[in-house]
Asks: 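After the structure tokens below, expect a handful of questions from me.
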Amino acid sequence: MTESIRRDGEYETPNPYPANPYQGNPVSPVNPEWPPPPAYRPADAYDGGTALLPRTPGTPEVPEAFAQPAQEPRKRAKAKGPFSLLAAVAIVAAAIGGGTAYGIQELTGRNETVASSTTTSVVPTGKTGDVATIAAAVSPSVVEVSATLSGGASTGSGVIISSDGEIVTNNHVIAGASSIKVTTSDGTSYTARVVGTDSKKDLALVKLENASGLKAATLGNSDGVQVGDTVVAIGSPEGLTGTVTSGIVSALDRDVTVSTDESRQQQQQGGGGWPFEFGGREFNGDTGSSTTTYKAIQTDASLNPGNSGGALIDANGNIIGINSAMYSAAAESSSDAGSVGLGFAIPINTVKADLATLRAGGSDS
């Protein structure tokens, strides 16, 4: 057995310098009688031409050549204000949902016509499909349209598509009108003029005079509509402004035929429902020989005369159609009057595709 013997006075002072991590060899012990080195390297101190880094007491000097190079500070991202951050988040969220334009509308406060996906939600989260919430959100964007004709009067509905008073309605509501009055949901009345008409699609665009700050509807994507989807209809049936009904989409791509004869329109408008053909049968009277056919969304939401030109709305509060034709049995007797769950709407994508033509005067100009 080997025993370690230590003489008194040997190695009383511990070696303050551990093994040099850069050389792999221990550093020679320091004579305790020598004065301690300065805390910081003098400006002119060099070790064989290699500058020594400053050190703290009790730690070895490290040649600058072996020192970890200082990292360049990263450039801080430019600080974003609340609006910039909100805009970035909302635009990304809207892009993911397919509704970039709507997100921009909400951020900028502009209330103009918007082309958005049906995934965009006008109603608050958790209120999708709630009829009361949808009605409260969209009713301010639906108006009553009253047209004075040479042989009487016509009453229908319309949808606000710009804050300065552009209104989309059916052509048969305003055809042959000598004057047009539009009443908003708050009871304000405006005089309106016809901007453009397209009898082949039964669409018209009118403009309110001296209007501003109106609430424009959000136009959805009718290509995303499916049979069975919940829908809400808002209009002015029989002059009852702001009437709300609900139902489902009962069929798609129905071929609906309507008259393009203006004189026939004036005769029929005062007598009840607007005449149309569907499935080889005529409803609400004779459409005449001058007709046009379009693909329609069929709904069982209750529609009555006066709903024409009004809004068909999806569960998220987007406009997916302009109500245009409905079957009414009122021709036989008053006891048979009323909706029988057979209504049709012009798809909103058809409307959006026709807007430029309507703003330029329409295809009938």
Side-chain angles (χ1 to χ4, degrees), residues 98-99 101-102 113-122 134 138 141-142 156-162 166-173 196-205 216-235 245-260 274 276-279 283 291-303 307-327 341-359 362-363:
Y102 175 71
T113 300
V114 180
S116 66
S117 165
T118 51
T119 55
T120 297
S121 186
V122 176
I134 294 169
V138 183
S141 302
V142 181
S157 306
V159 177
I160 300 171
I161 63 168
S162 71
E166 283 185 321
I167 309 291
V168 168
T169 187
N170 287 139
N171 179 59
H172 73 257
V173 171
T197 60
D198 187 345
S199 60
K200 294 181 177 60
K201 294 184 177 68
D202 195 17
L203 291 172
L205 182 69
T218 300
L219 307 186
N221 178 11
S222 52
D223 288 344
V225 176
Q226 298 181 356
V227 173
D229 282 353
T230 298
V231 288
V232 174
I234 303 179
T245 58
S246 65
I248 63 167
V249 172
S250 52
L252 295 170
D253 298 324
R254 293 298 202 195
D255 288 324
V256 173
T257 300
V258 297
S259 175
T260 58
W274 167 240
F276 69 98
E277 295 178 12
F278 169 67
F283 299 90
T291 61
T292 186
T293 301
Y294 57 83
K295 298 288 186 180
I297 299 171
Q298 181 180 312
T299 175
D300 70 352
S302 179
L303 301 178
N307 273 113
S308 291
L312 186 68
I313 309 156
D314 69 9
N316 292 315
N318 302 292
I319 309 298
I320 56 168
I322 299 297
N323 296 318
S324 58
M326 65 291 302
Y327 172 64
L342 189 61
F344 301 93
I346 301 169
I348 203 63
N349 284 7
T350 300
V351 178
K352 291 190 291 187
D354 206 33
L355 274 178
T357 299
L358 292 172
R359 284 170 171 151
S363 63

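Positions are given from 1, in the same order as the sequence printed here.
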Asks: Test your reading of the model: is there a side-chain donor-acceptor pair from Lys352 to the backbone of Gly220, 3.5 Å cut-off?
Replies: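 The answer is yes, because a donor-acceptor pair under 3.5 Å joins these two groups.
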Asks: Could you tell me the separation between the CG atom of Leu312 and the CG atom of Asn323, rounded to the nearest 0.5 Å?
Replies: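 Atom-to-atom, Leu312:CG and Asn323:CG are 5.0 Å apart.
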Asks: For the OG1 atom of Thr218 and the CD1 atom of Ile313, what is their distance to the nearest 0.5 Å?
Replies: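 Reported to 0.5 Å precision, the distance equals 10.5 Å.
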Asks: I'd like to know whether Glu166 forms a side-chain contact (heavy atoms from CB on, under 4.5 Å) with Ile160, so could you lay out the CA-CA distance, the side-chain angles of the two residues, the decisive distance to 0.1 Å, and finally the verdict.
Replies: CA-CA 6 Å; Glu166 283 185 321; Ile160 300 171; over 6 Å; no
Asks: Work out which heavy atom in Asn307 is nearest to a heavy atom in Ser302; give both atom names and the distance.
Replies: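 It is OD1-O, 4.2 Å.
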Asks: Within the 4.5 Å heavy-atom criterion, are Thr257 and Thr291 side-chain neighbours or not?
Replies: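 They are in side-chain contact.
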Asks: Kindly say whether Ser199 contributes a backbone atom to a donor-acceptor pair with the side chain of Thr197 at under 3.5 angstrom?
Replies: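 No; judged by distance alone, with no hydrogens or angles, the pair does not exist.
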Asks: Quick one about Tyr294 and Ser324 (side-chain donor to acceptor, distance below 3.5 Å, no hydrogens or angles considered), yes or no?
Replies: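 Note: Ser324 and Tyr294 side chains meet the donor-acceptor criterion.
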Asks: Taking atom CG of Leu252 and atom NZ of Lys295, what is their separation to the nearest 0.5 Å?
Replies: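 Reported to 0.5 Å precision, the distance equals 11.0 Å.
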Asks: Any non-hydrogen side-chain atom of Met326 less than 4.5 Å from a side-chain atom of Leu342?
Replies: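 The answer is no, as the side chains (C-beta and beyond) never meet within the 4.5 Å cut-off.
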Asks: Roughly how far apart are Lys201 NZ and Leu358 CG, rounded to 0.5 Å?
Replies: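 Interatomic distance, Lys201 NZ to Leu358 CG, rounded to 0.5 Å: 8.5 Å.
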Asks: List for me each residue that meets side-chain contact (heavy atoms from CB on, under 4.5 Å) alongside Ala251, sequence neighbours excluded, and say none if there are none.
Replies: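 By the side-chain contact (heavy atoms from CB on, under 4.5 Å) rule, Ala251 matches Arg254, Gln298.
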Asks: I'd like to check the side-chain contact (heavy atoms from CB on, under 4.5 Å) partners of Ser246; sequence neighbours left out, ordered by chain and number.
Replies: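 Ser246 satisfies side-chain contact (heavy atoms from CB on, under 4.5 Å) with Val131, Val232 once adjacent residues are dropped.
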Asks: Taking all atoms of both residues into account, what is the closest heavy-atom pair of Gly317 and Ile134, and its distance?
Replies: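 Minimum heavy-atom contact is CA-CG2, 4.4 Å.
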Asks: Asp198: what forms a side chain to side chain donor-acceptor pair (under 3.5 Å) with it, not counting sequence neighbours?
Replies: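 Scan of Asp198 (side chain to side chain donor-acceptor pair (under 3.5 Å), adjacent residues dropped) gives Ser363.
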Asks: Could you pull out all residues at least two apart from Thr245 that satisfy side chain to side chain donor-acceptor pair (under 3.5 Å)?
Replies: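 Expected list: none.
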Asks: Looking at CD1 of Ile297 and OG of Ser250, how far apart are the two atoms once the value is rounded to the nearest 0.5 Å?
Replies: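 So the CD1 of Ile297 and the OG of Ser250 are separated by 10.5 Å.
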Asks: Keeping the roles fixed (side chain from Asn170, backbone from Val173), state whether a donor-acceptor pair exists under 3.5 Å.
Replies: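 No, the answer is negative, given that no donor and acceptor are paired below the 3.5 Å cut-off.
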Asks: Under a 4.5 Å cut-off applied to non-hydrogen side-chain atoms, are Ile322 and Val159 in contact?
Replies: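 A side-chain contact exists here, since the closest heavy-atom pair is under 4.5 Å.
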Asks: Checking Ser157 now: which residues fulfil side-chain contact (heavy atoms from CB on, under 4.5 Å) with it, not counting sequence neighbours?
Replies: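 Only Ser236 meet the side-chain contact (heavy atoms from CB on, under 4.5 Å) criterion with Ser157.
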Asks: Just to verify, what does Ile248 make a side-chain contact (heavy atoms from CB on, under 4.5 Å) with, not counting sequence neighbours?
Replies: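 By the side-chain contact (heavy atoms from CB on, under 4.5 Å) rule, Ile248 matches Asp300.
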Asks: Rounded to the nearest 0.5 Å, what separates atom CG in Leu219 from atom CD1 in Ile348?
Replies: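 Result: 4.5 Å between the selected atoms.
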Asks: Which pair of heavy atoms, one from Pro347 and one from Ser222, lies closest together, and at what distance?
Replies: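 In this case the closest contact between Pro347 and Ser222 is CB-OG, 3.5 Å.
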Asks: Val225 versus Asp314: any side-chain heavy-atom pair under 4.5 Å?
Replies: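 No, too far: nothing below the 4.5 Å cut-off.
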Asks: Could you check whether Asp223 and Asn349, counting side-chain N and O atoms only, form a donor-acceptor pair closer than 3.5 Å?
Replies: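 Yes, side-chain donor-acceptor contact under 3.5 Å.
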Asks: When you measure from the side chain of Asp229 to the backbone of Gln226, do you find a donor-acceptor pair of N or O atoms at a distance under 3.5 Å?
Replies: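 Checking the backbone N and O of Gln226 against the side chain of Asp229, a donor-acceptor pair under 3.5 Å is found.
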Asks: May I ask you to decide if Val122's main-chain N or O and Asn316's side chain share a donor-acceptor pair within less than 3.5 Å?
Replies: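 Checking the backbone N and O of Val122 against the side chain of Asn316, no donor-acceptor pair under 3.5 Å is found.
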Asks: Identify the heavy atoms of Gly247 and Ala301 that sit nearest to each other, and give their distance.
Replies: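 That would be N-CB, 3.9 Å.
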Asks: Check Leu303 against Gly343 and note the closest heavy-atom contact, atom names and distance.
Replies: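 Nearest pair, atom of Leu303 first, then Gly343: CD1-CA, 3.8 Å.
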